[in-house]
Amino acid sequence: MHVVVAGQGYVGLPLAVRAAEVGHRVVGYDVDTDRIERLTAGDSYVRDVDSSRLRAVLDSGAYSATADTAALAGFDIAVITVPTPLTEGVPDLTYIESCARTLGEHLRPGATVVLESTSYPGTTEELLLPILEEVSGLKGGVGFLAGFSPERIGNKRWSFDGTPKLVSGINATSLDVIKGFYDGIFQTTVPVSGTKVAELAKLIENTFRFVNISMVNEMAMLAASLGVNIWEAIDAAATKPFGFTRFTPGPGVGGHCLPVDPMFLSWKAQQEVGVPFRFAELAADVNRHMPDYVVRRVVEGLDKRGLPARGSRVLLLGLTYKFNATDLRNSPSARVAELLIDLGADVRGAEPNVPSDAKLDVPRVDATPDEVAAADAVVLLMDHPRFDLPMIEKCATYVLDCRNRLSGANVETL
């Protein structure tokens, strides 16, 4: 089939490459011309897609990348994988709206449009469908098909295509076609009765993580006040073989999903029924203030050593929003750095996972023995594999370890 994947980011590019590998003719569309230039040159910027895989589908002719809307004409299936950020607490769906209008201009009878971008329940039927109908002049479910299939990026254990894929349609015919498409890409597809169910399922998945992370973060603060080792307590609780899922504390929540997705549901609940989604709002408040707690612990650690925060040299290790990631979006490290700088500290950051030309919130340094030893405080925010942890234990005079990876008389854990 002629497949269009609109949006060539961390969701769209893996899907586009995989669809090309299984035999479809895929156009990767993105409005970012810098991305298109890199993709056309066979240079992948997404961790889940090796440049060698990208070059293979480019060389075979199965995949092409473009910012030219004319290349979208004649598609059989188009998948929307554009961002859905929050703007001042309100879902920003302008990327979906713009993409829907662009695809609508090329929508032909019998074609299918699938939304993968995370949003509140009702987005597919209440926003996407009317725009496609208006622009194309076709009727959804009759003239064209549509549905929702939430993105699920794989992790260390579950590959992209090995992660079960939820699928839904605006009617039975749409579901059949969408399921058939994804059956050829994923090992397992899970059909649900409607688009709102699939949309809500995605928000349940991420809200579950968000709320549980906030719980252990708050418990970490409480445990420290009580003089209890939260990490040992979590290890002990995790020996229970049922009824418990292990979550660990950290400096806060970042990235493109967890700080955002639960707020879609909170906003929708307030708009539709006038009631708050209290769990999500409380979790957001806890996680939002974790960087403040980290900085408070650093200040206390310096004070114990007779040093004021003002003028002290602080080295932040790992600035991405999660372990071994390459993404700085919404990372709590930015707030940690900001608060320390406001206190007058000399703050530097080591982040080996992002390109050397990426803009950081603090001066970039390498985590060398000299740099570690020169710091009055070292804060391990993300324990990337490229950090030499034994060296840090040996050379640092004081460490606040937010990941429970270090030990010694000079180390305090979050």
Side-chain angles (χ1 to χ4, degrees), residues 217-218 220-221 224-225 230 249-255 259 285-323 325 327-354 356-384 386-389 391-414:
N217 277 339
E218 187 165 37
M221 292 185 278
S225 299
I230 183 65
V253 172
D285 183 68
V286 171
N287 288 319
R288 190 164 47 243
H289 287 93
M290 279 307 293
D292 302 71
Y293 176 70
V294 170
V295 171
R296 190 170 85 227
R297 290 287 302 276
V298 173
V299 171
E300 290 173 355
L302 289 169
D303 185 62
K304 289 177 186 176
R305 291 158 178 82
L307 296 172
R310 181 170 298 278
S312 288
R313 185 160 161 174
V314 180
L315 175 62
L316 304 180
L317 301 179
L319 306 182
T320 59
Y321 79 92
K322 71 175 182 178
F323 171 79
D327 199 335
L328 296 166
R329 281 181 292 175
N330 298 318
S331 175
S333 66
R335 179 61 177 163
V336 171
E338 179 185 13
L339 291 169
L340 287 168
I341 291 170
D342 287 346
L343 291 173
D346 174 13
V347 185
R348 306 170 187 210
E351 180 43 79
N353 281 21
V354 300
S356 58
D357 59 350
K359 186 179 183 300
L360 303 183
D361 296 288
V362 293
R364 181 197 288 262
V365 297
D366 294 326
T368 63
D370 288 345
E371 193 68 44
V372 170
D376 297 304
V378 174
V379 185
L380 183 66
L381 296 172
M382 290 296 158
D383 51 325
H384 297 326
R386 293 173 68 179
F387 287 134
D388 185 345
L389 299 183
M391 179 275 290
I392 295 168
E393 289 178 341
K394 178 182 177 181
C395 296
T397 57
Y398 160 56
V399 182
L400 177 63
D401 178 6
C402 298
R403 295 297 168 186
N404 195 37
R405 294 296 308 279
L406 305 171
S407 61
N410 58 337
V411 176
E412 294 179 2
T413 54
L414 191 64

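The minimum heavy-atom distance linking Val298 with Leu340 is given by the pair CG1-CD2, 4.2 Å. Between Asn404 and Thr413, the shortest heavy-atom contact is OD1-CG2, 3.6 Å. Taking each heavy atom of Ile230 and Ala220 in turn, the nearest pair found is CG1-CA, 4.0 Å. Looking at every heavy atom in both residues, Asn217 comes nearest to Pro249 through OD1-CA, 3.2 Å.
Within a 6.0 Å radius of CD in Glu393, other residues, nucleotides and ligands contribute more than 12 heavy atoms.
Proximity of a side-chain donor or acceptor of Asp366 to a complementary backbone N or O of Thr368 within less than 3.5 Å is not detected. In terms of modelled atom types and a separation under 3.5 Å, the side chain of Asn410 and the main chain of Ala396 share a donor-acceptor contact. Put simply, the side chain of Asn287 never gets that close to the backbone of Val253: no donor and acceptor are under 3.5 Å apart. For Arg297 (side chain) and Tyr293 (main-chain N/O), no donor-acceptor pair under 3.5 Å exists by modelled atom type.
Within the 4.5 Å cutoff, the side chain of Ile341 has heavy atoms near those of the Val362 side chain. Taking the side chain as every heavy atom from C-beta outward, Leu328 and Leu360 approach each other to under 4.5 Å. Here the side chains of Cys402 and Leu380 are not in contact, with every heavy-atom distance at 4.5 Å or above. Residues Asp388 and Ile392 are not in side-chain contact: their nearest non-hydrogen atoms beyond the backbone lie 4.5 Å or more apart. Proximity of Val336 to Met290: side-chain heavy atoms (C-beta onward) are nowhere separated by under 4.5 Å. Taking 4.5 Å as the limit, every side-chain heavy atom of Thr320 sits out of range of all side-chain heavy atoms of Asp327.
Partners of Arg364 according to the salt bridge (charged side-chain N to carboxylate O under 4.0 Å, His left out) rule, which considers only residues two or more places apart in sequence or in another chain, do not exist here. For Lys359, the salt bridge (charged side-chain N to carboxylate O under 4.0 Å, His left out) criterion is met by no residue, not counting sequence neighbours.
Once rounded to the nearest 0.5 Å, the distance linking CZ of Arg403 with CZ of Phe323 reads 10.0 Å. One distance of note links NZ of Lys304 with CD of Glu412; it measures 4.0 Å at 0.5 Å rounding. To the nearest 0.5 Å, the span separating CD on Glu351 from CZ on Arg386 amounts to 8.5 Å. Rounding to the nearest 0.5 angstrom, the gap separating the CG atom in Asp383 from the CG atom in Asp401 is 7.5 Å. Going from atom CG of Asp376 over to atom OG1 of Thr397 covers 6.0 Å, rounded to the nearest 0.5 Å.
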What pairs of donor and acceptor atoms, side-chain ones from residues 308-319 against any protein atom, are under 3.5 angstrom apart with sequence neighbours left out?
unit_1	atom_1	unit_2	atom_2	d
Ser312	OG	Pro308	O	2.4
Arg313	NH2	Glu371	OE2	2.8

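Under the 4.0 Å criterion applied to side-chain N and carboxylate O atoms, Arg348 and Asp346 are assigned as salt-bridge partners.
Considering Ser333, Pro291, Ser331, Pro332 as possible partners of Leu381, the one that fulfils the side chain to side chain contact (heavy atoms under 4.5 Å, CB included) test is Ser333.
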